[in-house]
There are 2 protein chains.
Amino acid sequence: MAKRVRLIDIAERLNITKVTVSKALRDQPDISKDMRALVKKTAAEMGYTPNLVARSLSSQRSHILGVVVPKIAHPFFAAVIDAIQEEATKKGYGILLAVSNENAALERQHIERLLAMRVDGLLVSVSKQQPDLSVYQQVRDMHMPLVFFDRQIEDAGFSSITIDDRLGAFHAVDHLIQQGYRKIAHIAGTHDVAIGRERRAGYEEALRKHDLPVFEPWVIAGGFDEWHGYDAFVQILHTDALPDAVFAVTFPVGLGVYGAMREHAPDLLDTVQILTFGDGEVNAFYPYPHLCVRQPTQEMGHRAVEILLAEIEGTADGPAQRVVLQTSLVTAQNYRLPSRDEAAESLRLAG
Amino acid sequence: MAKRVRLIDIAERLNITKVTVSKALRDQPDISKDMRALVKKTAAEMGYTPNLVARSLSSQRSHILGVVVPKIAHPFFAAVIDAIQEEATKKGYGILLAVSNENAALERQHIERLLAMRVDGLLVSVSKQQPDLSVYQQVRDMHMPLVFFDRQIEDAGFSSITIDDRLGAFHAVDHLIQQGYRKIAHIAGTHDVAIGRERRAGYEEALRKHDLPVFEPWVIAGGFDEWHGYDAFVQILHTDALPDAVFAVTFPVGLGVYGAMREHAPDLLDTVQILTFGDGEVNAFYPYPHLCVRQPTQEMGHRAVEILLAEIEGTADGPAQRVVLQTSLVTAQNYRLPSRDEAAESLRLAG
DNA sequence: CTTCGTAACTTAACCGATAAAGTAGGCCGT
DNA sequence: ACGGCCTACTTTATCGGTTAAGTTACGAAG
């Protein structure tokens, strides 16, 4: 049982050629019904499993998608990757996962490696560092399908599926203001990355709508992780005035703000309202839930795969699609534990 | 620029054979220094990248590892996958990720698919459902290296890297008792999975050490996710007495307990101490951090890859290794934000 | 009765590499 | 001068499939 069964082994057993076997297994019409049945039966008996590597080489299709994300231990990306994996599996594809760690050079290396591995397409969320456009040019030159999700490089000519960051941020901050908050700080991302720019724009737009000024010392750009949130809030504590609410560009940044408060100004925990763009399942159950902008992670993952597969399997490489998904605001009013049915549903789909 | 450069293209340009090119690029000694240099130079000029699919087929090595986990949007698994990916990349391997969703049938399908894709080895954390042993027998028969991490199937004869669940649980509960808690409930996992059994054993051992009885209605077995924690705690609320502490078998289960408290008995939030086995980065920053048993996720991921690669690249398939890692208890005393250096470190390694 | 078409396979080529075996030419020693 | 031995390549085979181009035999049509 040590050796693996090949097409030719089946062929020899039946005194036919491997081509016949190959065709029979793939139900090609120029093999008789009887022969097809016979071959399939014998293949099953002998425990044949096709060598996907060989198949990839000759068919020029690997049925593998390359996925590149900046981070994985992050509620948003973990959820999206999960959805991507689920959808890919359903469609008969596997995923090769690579993490860029927010590092453009590493992102480039990963993409090159995935290209060398002959993935059928790429799903990429770019790192926050200035991207190396040459790789993407290369991808384009070889007509490799690619779909950006969440974080894209605009003008690169690829399809993308993103979230309406500006509108989501706008609604959220608008809501804060309507609740009576006036002194709203914003721990922002970096300007090079779209989500950083857009969320900030939405924030400023909401302030403008209510004729509130943008107080520069309270808008601190810099990054997307916990420590940025931590440092930024410490910096805010050093200004003269204190905000009554903080809008964090990401969930991890929001966590950093909590960390800073806990260590440097625990009394603020109950007075300063925190709002984050993005949530973790964590927040749903925590005793101290905060406002957050919920991103449709599952839909994003599923549709990203759908768009990519359309480009892979579709004929023409039509114009790049640009899908924009809307967020929903999780407020104290509509706050509820995630539906148990959703959990059951995702399990059922998988099974 | 549309077509990809192959070995033979370089060969024709230089009027030599593709074999010479192949050998030159791989620095084989029977090619002259001059020729090697020339070939490499031209290859670079022409923008050659090897077709890894073809290489896999002929060399019978894919340099891809298959990773199967029950879940991904889960702080523990996300962290371990991250570490696995990082280490694999460093060693020149890619990872094919598959999620079983705690479903044994899906787990089986994934493994079969990964085998067909000719991964060089497998890293598996089994689902909580009764596993389908036949796949593992198949893996064994074809001498495919496999390492279990965190959740294993004992007696399957494969190497494993796990966490000392019993001791970790024991120390943690022992600590609770020393802090004065006496009425400690345990929301347990299922009995079929080792982590469920072991953590419960550690819990009972600690109680025994202090001559405390195990109050059966407070030991509720069932699962590892948020809703199990939620339901179990609601059930506890229906018993006559109330515990003064709750030991949750996983971090998500602990979250579920919080959710239940928040909805059904918010006054308990400040009185009932929660202890979870496993933590999320979340907990480090949250204003309401609880006790937790920290698992060495990064070490687990790194070492799992090391062990697997040793089996892949090593000659003999010696006896299966069984590595057990120790946990550390994160208490109110030693509680601190994660080191900024660690973050920097992981970024440096990646770059 | 010849011709043509078609069903059902078989042969030959190819995918892009690697591995093993073969072969010139140069240098050496005797 | 001749066999032996490197050196540096080249030839040939192989990995396990898929695709395109034959090849038979048989039945129907003209």
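Naming convention: chains lettered A, B, ... in sequence-line order (proteins, then strands); numbering from 1 in each chain. FYI, side chains are in, hydrogens and waters are out, and symmetry mates aren't considered; it's all heavy atoms of this structure.
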B:Phe158 ring centre to B:Arg140 NZ or CZ under 6.0 Å, with the angle to the axis within 45°? yes
Between [N] atom [atom2] and [X] atom [atom1], what is the distance in whole Å?
X	N	atom1	atom2	value
B:His63	C:dT18	NE2	P	11 Å
A:Arg55	D:dC15	CZ	P	18 Å
A:Arg118	D:dG17	CZ	P	21 Å
B:Glu12	D:dT10	CD	P	13 Å
B:Ile8	C:dC14	CD1	C1'	11 Å
A:Ile31	C:dA8	CD1	P	9 Å
A:Leu25	D:dG17	CG	C1'	11 Å

Polar pair under 3.5 Å, donor/acceptor by atom type, side chain B:Asp30, base D:dC9: yes
Quiz item: A:Lys18 side-chain donor-acceptor pair to C:dT10 base, under 3.5 Å: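 Answer is no: no donor-acceptor pair is held.
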Think [X] has a side-chain N or O under 4.0 angstrom from the OP1 or OP2 of [N]?
X	N	answer
A:Arg4	D:dC15	no
A:Thr20	C:dT10	yes
B:Tyr48	C:dG16	no
B:Arg26	C:dA19	yes

Relative to the 5' end of DNA chain D, which residue comes earlier, B:Pro29 or A:Leu7, by the nucleotide with the nearest heavy atom?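 Its nucleotide being nearer the 5' end, the pick is B:Pro29.
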For the backbone of [Y] and the side chain of [X], can you confirm whether one donor and one acceptor N or O come within less than 3.5 Å of each other?
X	Y	value
B:Asn103	B:Ser100	no
A:Glu102	A:Lys128	yes
A:Ser62	A:Ile64	yes

Closest listed nucleotide, where the reference is the side chain of [X] and the choices are [options]:
X	options	result
B:Arg6	C:dC15, D:dT10, D:dG17	C:dC15
B:Gln60	D:dG16, C:dG16, D:dG17	D:dG16
B:Leu57	D:dC15, C:dC9, C:dA17	D:dC15
A:Lys23	D:dT10, D:dG16, D:dA21	D:dA21
B:Ser58	C:dA17, D:dG16, C:dA20	C:dA17
A:Thr17	C:dT18, C:dG16, C:dT10	C:dT10
B:Ile16	D:dT10, D:dT18, C:dT18	D:dT10

What does [X] touch in the nucleic acid at a heavy-atom separation under 4.0 angstrom: a base, only the sugar-phosphate, or nothing?
X	result
B:Pro50	sugar-phosphate
B:Leu52	nothing
A:Ser32	sugar-phosphate

Closest-nucleotide 5' rank along DNA chain C - winner of B:Val53 and B:Gln28: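 Its nucleotide being nearer the 5' end, the pick is B:Val53.
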Run A:Arg108 and A:Glu112 through salt bridge (charged side-chain N to carboxylate O under 4.0 Å, His left out) and show every step you take. CA-CA 6 Å; A:Arg108 177 214 174 91; A:Glu112 286 177 339; 3.2 Å; yes
Does the side chain of A:Ser134 come under 3.5 Å of the side chain of A:Gln138 through a donor N or O and an acceptor N or O? no
